[in-house]
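Just dropping this structure here.
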Number of protein chains: 2
Amino acid sequence: MANMNDVARRAEVSLSTVSHVVNGTRNVEPKTRQRVLDAIQATGYRQDVLARAMRRSRTDSIGLVVSDAGEPAFAEMVHGVEHAAVQHGLTLVLANSAEDAEREERAVHTLLDRRVDGLILARSAATAPGLLGTLTGSKAPVILLDRVFPELPFDQVGVDSRDAMQRLVMHLVNAGHKRLALVAGDQRVPTLRERLDGFWDGVRRARLDPAEQTVLEKTDPDTRAQLEKMLEEDIFSALIASSTPLATLALEAVQGGRRVVGGDLAFATFDGFNHPDLFEPRITTVRQPAFDMGVTAVRLLVDRLESRDANPRTVRLQQQIELRDSTERIQLA
Amino acid sequence: MANMNDVARRAEVSLSTVSHVVNGTRNVEPKTRQRVLDAIQATGYRQDVLARAMRRSRTDSIGLVVSDAGEPAFAEMVHGVEHAAVQHGLTLVLANSAEDAEREERAVHTLLDRRVDGLILARSAATAPGLLGTLTGSKAPVILLDRVFPELPFDQVGVDSRDAMQRLVMHLVNAGHKRLALVAGDQRVPTLRERLDGFWDGVRRARLDPAEQTVLEKTDPDTRAQLEKMLEEDIFSALIASSTPLATLALEAVQGGRRVVGGDLAFATFDGFNHPDLFEPRITTVRQPAFDMGVTAVRLLVDRLESRDANPRTVRLQQQIELRDSTERIQLA
DNA sequence: CTGTTAGCGCATTCAT
DNA sequence: ATGAATGCGCTAACAG
């Protein structure tokens, strides 16, 4: 492969002129410039990204650690990050932590060692002992994506789950429901906690009787059976799932309990399936704007790269409630 | 950041000894070795991946270009590639071509310029004029994933679509169907072509009347209306979709034509939805082993890296037919 | 407007 | 078993 020296010799100019032509970093007389361009053409020269990165201490790349590549919502986030990265001339280096704290820490180190200019952590467990120190000590700025930890000093992107859940509850109440059930999931996860908060916000705001509401926080093997029992006892008329895996659980319980969604049982879920329109009935979902979240994370990162010591920002994207039949056709006694 | 020189000075050894200790590239007396290790500990030294890569002309990274990040099947492939890459000590650089030939070419150049050690192209359009030359001329080996182009001189990974489709047809025939319909999609795509071939294989093998079979190759706006018309005319009893987008189209047509899957109409699709069990009825799918495909691509790549001039290999993974209610409960008149 | 020069941090060859 | 010296290809002072 031809290098800058080859080009310089051929164009009969100095090394630095070639560099400046390639990077447009200083004025070069049109004639000289053209000679260089011709030499580049003739030699098939391509800039050595590695040498350049080493010299400038910048790789023009960003790292993304996701906790579950393979999950559709993540695919969309990755997609959004990649999309925005390319637009800023950045390349994306991807790592997967598989929801494992130790692997997350290794992934972070790998990417940092690769000297990515910035790092995005999507749905970080942030639980490995050394990780937090690594992150705060990192020269490359860090952005937290999806899970918001208010106490941490990073730029962050999340959704306004609390508000969305409250709006969903209000909608169900307006449709005539007075006894709701929420499959709330693991309350150590910030997002799921926010959704539970939003649930009670809605209950309060709608002046429902709190004693008549049902909340399931566990997800152990019994949960499904428990739920099936409640379904048989008919202690609620509307069922909400706080995430897609929880929705799967809930729907299986509904089928197991020989109940049908949309008849006398309303159903809604967060984060959305891939083809909610193809279910019968079509399922009301509160979708995560995953692509936009990815794009936003990159925006925060680029901003941060430009002004290192601005205050950390947390951006919350609004979630759209996509109303469909599963909460609409309700006929209450 | 401390560099090797700092470590060398502190351990009172030479630069090269430090290098050899770090990389284990030559024998070092245990005592010396320990001094170096201590100095590394004390300085918090981390190897500079960039300088190392430049010096060795190897980045220990691989590039992956996908044509639609965001699509669940791809998420799984990416996942598989990442998983296998990490196991081989390789980092993954990801780019998306968005099914656009020009962007695909740009992505390939970007990754090659980053000096990835190898490149995997998932569902390549391979249609940009210059791309093929770039690929064959690339110093980094290239693996084609998902779409197999028999005439190209690369290692390739695909599925045995033709065989899977034939098996699916046989199954439907055994369930009593004699008039089938296939939404076959764009026949310029190798995979979709193979599936159509498999369809006719099955028809022939089952001795069905070819004139009674229906194949829709287009996917323009009319296709859905066309399909709805056929559904009303009841010219087939089993409907197969060759891919997930085609399945969406087909199911919309079924609903538009006020027909119900599973009653008198069997339905099956390739590549699978995410939650086929939650549909009513549960949908028979021929799933792509996407994760394994990703893993296999990395294996081929690593093999290739070790023996540059072995003959190109094409690996075809078998597809599993996941039989569910949509093809089972059929009661024919 | 252009050229000369000095490293960036490391792996590696050649000596000892 | 260890060290000294070289250069990978580039950018950015500095000098003219």
For atom CD of E12(B) and atom P of dG3(D), their distance in whole Å: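 The answer, rounded to whole Å, is 10 Å.
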Rounded distance (Å) that lies between atom C1' of dC14(C) and atom NE2 of H20(B): 12 Å
Length of the line joining R26(B):CZ and dC14(C):P, which is rounded to integer Å: 14 Å
Residue whose closest nucleotide on DNA chain C lies nearer the 5' end, L15(A) versus P30(A):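 Per heavy-atom nearest nucleotide, the more 5' residue is P30(A).
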Listed nucleotide nearest any side-chain atom of S14(B), set dG3(D), dG9(D), dG3(C): dG3(D)
Whole-Å gap separating C1' (dC8(C)) and NZ (K139(A)): 14 Å
Integer-rounded Å distance: dG9(C) C1' and D48(B) CG: 6 Å
Between dT4(C) (P) and N5(A) (CG): distance, integer Å: 11 Å
Short N-O contact, D48(B) and R115(A), less than 4.0 angstrom: yes
Nearest listed nucleotide, side chain of V13(B), among dT12(C), dC10(C), dG3(D): dG3(D)
Candidate nucleotides dT11(D), dG9(C), dT2(C), ranked by approach to the side chain of R52(A) - the nearest: dT11(D)
D113(B) bridged to R46(A) by N-O distance under 4.0 Å: yes
N27(A) side-chain proximity, nearest of dG3(D), dC10(D), dC1(C): dC1(C)
Phosphate-side-chain proximity, T17(B) and dG3(D), N/O vs OP1/OP2 below 4.0 Å: yes
OP1 or OP2 of dT2(C) under 4.0 Å from side-chain N/O of T32(A):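 It does, given that an N or O in the side chain of T32(A) lies less than 4.0 Å from OP1 or OP2 of dT2(C).
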Base dG3(C) to side chain S16(A), donor-acceptor N/O within 3.5 Å cut-off: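 Indeed there is one.
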Within 6.0 angstrom of E12(A) CD, more than 12 heavy atoms from elsewhere: no
Rounded distance in Å - CD (Q47(B)) to P (dC8(C)): 17 Å
Parallel, tilted or perpendicular: ring planes of F291(A) versus H83(A), cut at 30 and 60 degrees: tilted
Short side-chain N/O contact to dT11(D) OP1/OP2 from N23(A), under 4.0 Å: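 Checking N23(A) against dT11(D): at least one side-chain N or O falls below 4.0 Å of OP1 or OP2.
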Side-chain ion pair, R316(B) and D160(B), N-O less than 4.0 Å: no
Between dG7(D) (P) and M54(A) (CE): distance, integer Å: 15 Å
Distance-only donor-acceptor test (3.5 Å): side chain R56(A), base dG9(C): no
